[in-house]
K.L.:
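Structure below; questions to follow.
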Amino acid sequence: MPNLNFSCVSCGKCCHDLRLPLTWHEATDWLARKGTVELLCEALPWLEEPDPSNLQAQHKRRRSFPTMSGNLPVRVIVVLTAVYTGACPNLDADFRCSIYEIRPHVCRIYPAEINPFIALSPANKLCPPEAWASQVPLMRGDTIADDEIRLHVAQSRRDDEREAVSKQALCALLGIGSAGLGGEGFAVHAPPADQLLEALRVGIQDVDLENFPSWTILSNQASTIKALTSAGAGAHLTSNTSSGLSRYIGFRADASDV
Ligand code: SF4
Ligand code: SF4
């Protein structure tokens with residue numbers, strides 16, 4: 001990857017119309033401030049353990065919990081996300097962050113990437129050209145050159161991995177049991193804010209995972225549903241226009257014919 005320099009020019013674009021991945025504690029605080037938090041769920045068929053040299057698969061493994069979809073072993077990744085349209089509820093009238101000292105990791109990391117397998121590309125970021133014209137090093141090859149950002153990325157990854165199994169209990173407690181197929185889309189769950197806040201604060205002890213039904217994999221591709229069903233998974237055809245407390249975001253247009 002080429003070297004990149006960067007200085008934030010405080011344009012505020014990254015504080016608008018976004019979905020921010022949050023840690024458990026950040027999501028709790030976000031809800032306590034009356035923000036909106038949703039859960040993004042994706043399922044990965046997991047027939048055998050990956051080779052230790054497969055770093056990407058090992059990364060997904062650490063971020064997920066093992067479970068079943070019908071007769072198919074899967075691992076499920078759950079991401080807590082803050083969601084807002086227009087300005088972030090924490091952005092004040094002067095375009096300043098009103099929770100600057102306690103803003104989420106992801107706000108401190110942007111525009112760097114948390115996922116070690118995604119290369120930072122200015123073209124995919126909201127920052128204007130003048131921000132990239134800086135002389136301050138951000139990336140030197142694949143390494144984040146800014147010490148503070150590097151620490152926040154490391155902490156964010158550690159939290160993500162540490163919280164993976166707790167999220168299984170969180171989903172069980174909230175009756176959440178559907179996920180998109182990894183790489184194709186996400187199931188998006190928006191439980192009532194008070195229930196989610198309560199569950200995040202206190203509720204995941206003594207959750208009976210044994211009696212929780214297996215996960216359903218959602219897709220808007222009929223061919224995917226056919227393949228999953230023949231592999232023994234519990235799968236359900238959905239569409240990008242689904243709505244309600246649980247809905248679907250697919251990366252491709254709906255295809256209801258095989
Ligand atoms: S929390 Fe602050 S830094 Fe993060 S998106 Fe909102 S206003 Fe921007
Ligand atoms: S979009 Fe980039 S330059 Fe603009 S405020 Fe966010 S980090 Fe700074």
Side-chain angles (χ1 to χ4, degrees), residues 1 4 6-42 55-56 58-65 77-84 87-92 95-122 124-127 131-132 134 136-140 142-167 170 186 188-189 193 196-197 199-201 204:
M1 202 180 103
L4 287 171
F6 176 83
S7 286
C8 176
V9 294
S10 303
C11 69
K13 286 184 185 164
C14 62
C15 302
H16 288 77
D17 300 303
L18 278 187
R19 184 180 280 285
L20 302 178
L22 301 176
T23 67
W24 192 285
H25 289 296
E26 289 168 352
T28 309
D29 290 347
W30 198 274
L31 282 163
R33 287 191 301 270
K34 307 295 178 200
T36 301
V37 174
E38 296 181 339
L39 294 87
L40 293 193
C41 302
E42 62 176 324
L55 300 182
Q56 193 156 7
Q58 295 294 345
H59 175 66
K60 288 177 180 170
R61 189 183 193 288
R62 289 192 297 273
R63 303 185 61 214
S64 60
F65 57 83
I77 299 174
V78 176
V79 183
L80 292 158
T81 60
V83 194
Y84 49 87
C88 171
N90 301 306
L91 195 64
D92 70 17
F95 264 30
R96 293 209 183 96
C97 176
S98 61
I99 59 163
Y100 188 79
E101 296 302 328
I102 55 166
R103 67 198 189 286
H105 284 304
V106 67
C107 302
R108 301 164 190 260
I109 289 165
Y110 196 89
E113 297 286 357
I114 294 177
N115 187 324
F117 299 98
I118 298 178
L120 170 56
S121 167
N124 296 335
K125 299 295 173 179
L126 297 165
C127 312
W132 303 100
S134 158
V136 179
L138 175 61
M139 301 296 300
R140 288 296 172 261
D142 292 334
T143 303
I144 298 172
D146 183 298
D147 290 343
E148 198 179 328
I149 293 178
R150 201 170 55 246
L151 282 176
H152 283 293
V153 168
Q155 183 64 50
S156 182
R157 286 181 193 159
R158 273 199 299 275
D159 289 346
D160 190 34
E161 294 169 8
R162 188 171 47 82
E163 294 166 358
V165 171
S166 299
K167 287 176 183 169
L170 179 68
F186 298 102
V188 183
H189 300 280
L196 180 52
L197 181 57
L200 287 168
R201 275 182 171 157
I204 59 160

K.L.:
What residues, two or more places apart in sequence or in another chain, satisfy ring pair (Phe, Tyr, Trp, His ring centres under 6.0 Å) together with H189?
P.N.:
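For H189 there are no ring pair (Phe, Tyr, Trp, His ring centres under 6.0 Å) partners, ignoring immediate neighbours.
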K.L.:
Would you please name every residue forming a salt bridge (Lys or Arg N to Asp or Glu O under 4.0 Å) with R150, sequence neighbours left out?
P.N.:
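With sequence neighbours excluded, R150 shows a salt bridge (Lys or Arg N to Asp or Glu O under 4.0 Å) to D147, given in chain and number order.
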K.L.:
At their closest point, which heavy atom of F65 faces which heavy atom of V165, and how far apart are they?
P.N.:
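Taking F65 first and V165 second, the nearest heavy atoms are CB-CA, 4.4 Å.
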K.L.:
Looking only at non-hydrogen atoms, find the nearest pair between I77 and S64 and report the distance.
P.N.:
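Minimum heavy-atom contact is CG1-CB, 3.7 Å.
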K.L.:
Do the side chains of I99 and D29 get nearer than 4.5 Å, heavy atoms only?
P.N.:
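The answer is no, as the side chains (C-beta and beyond) never meet within the 4.5 Å cut-off.
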K.L.:
Measure the CG-NZ distance between L197 and K34 for me, rounded to the nearest 0.5 Å.
P.N.:
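These two atoms lie 7.5 Å from each other.
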K.L.:
Carefully, step by step, assess V83 and V188 under the rule side-chain contact (heavy atoms from CB on, under 4.5 Å).
P.N.:
CA-CA 11 Å; V83 194; V188 183; over 6 Å; no
K.L.:
Any side-chain donor paired with an acceptor under 3.5 Å for R158 and Q155?
P.N.:
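Judged by distance alone, the side chains do pair up.
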K.L.:
What heavy-atom pair brings L170 and W24 nearest, and what distance separates the two atoms?
P.N.:
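The pair with the smallest heavy-atom distance is CB-CH2, 4.0 Å.
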K.L.:
For a quick test of reading the model, state the closest non-hydrogen atom pair linking K167 to V78 and the distance between them.
P.N.:
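Of all heavy-atom pairs spanning K167 and V78, the closest is NZ-O, 2.9 Å.
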K.L.:
Output the distance between atom CD1 (I149) and atom CD1 (I114), rounded to the nearest 0.5 Å.
P.N.:
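Atom-to-atom, I149:CD1 and I114:CD1 are 11.0 Å apart.
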K.L.:
Partners of F95 by ring pair (Phe, Tyr, Trp, His ring centres under 6.0 Å), sequence neighbours excluded?
P.N.:
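Only H16 meet the ring pair (Phe, Tyr, Trp, His ring centres under 6.0 Å) criterion with F95.
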K.L.:
With sequence neighbours left out, write down each residue that passes salt bridge (Lys or Arg N to Asp or Glu O under 4.0 Å) with R157, or none if nothing qualifies.
P.N.:
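Listed in chain order: nothing, the list is empty.
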K.L.:
What do you reckon, is CZ of R96 surrounded by more than 12 foreign heavy atoms closer than 6.0 Å?
P.N.:
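Check fails, neighbour count at 12 or below.
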K.L.:
Taking all atoms of both residues into account, what is the closest heavy-atom pair of L22 and A27, and its distance?
P.N.:
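Looking at all heavy atoms of both residues, the shortest contact is CD1-CA, 3.7 Å.
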K.L.:
Please lay out, stage by stage, how L196 and L31 fare under the test side-chain contact (heavy atoms from CB on, under 4.5 Å).
P.N.:
CA-CA 8 Å; L196 180 52; L31 282 163; 3.6 Å; yes
K.L.:
What do the steps show when you test M139 against F6 for side-chain contact (heavy atoms from CB on, under 4.5 Å), and what is the final call?
P.N.:
CA-CA 9 Å; M139 301 296 300; F6 176 83; over 6 Å; no
K.L.:
Test of understanding: with side chain to side chain contact (heavy atoms under 4.5 Å, CB included), list the residues that count as partners of D17, not counting sequence neighbours.
P.N.:
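D17 satisfies side chain to side chain contact (heavy atoms under 4.5 Å, CB included) with T85 only.
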K.L.:
Could you walk me through whether L138 and L120 satisfy the side-chain contact (heavy atoms from CB on, under 4.5 Å) test, starting with their C-alpha distance in whole Å, then the side-chain angles of each, then the deciding distance to 0.1 Å, before giving a yes or no?
P.N.:
CA-CA 10 Å; L138 175 61; L120 170 56; 3.7 Å; yes
K.L.:
Check W30 against L20 and note the closest heavy-atom contact, atom names and distance.
P.N.:
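Looks like CH2-CD1, 4.0 Å.
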K.L.:
Any donor-acceptor pair under 3.5 Å linking the side chain of W132 with the backbone of L4?
P.N.:
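No, because the side chain of W132 does not come within donor-acceptor range (under 3.5 Å) of the backbone of L4.
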K.L.:
Does some side-chain heavy atom of N115 sit less than 4.5 Å from a side-chain heavy atom of H59?
P.N.:
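They are in side-chain contact.
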K.L.:
Under 3.5 Å, which donor-acceptor pairs link side chains of residues 104-113 to any protein atom two or more places apart or in another chain?
P.N.:
unit_1, atom_1, unit_2, atom_2, d
H105, ND1, H152, ND1, 2.9
R108, NE, R103, O, 2.9
R108, NH2, E101, O, 2.8
R108, NH2, R103, O, 3.1
Y110, OH, L126, N, 2.8
E113, OE2, K125, NZ, 3.0

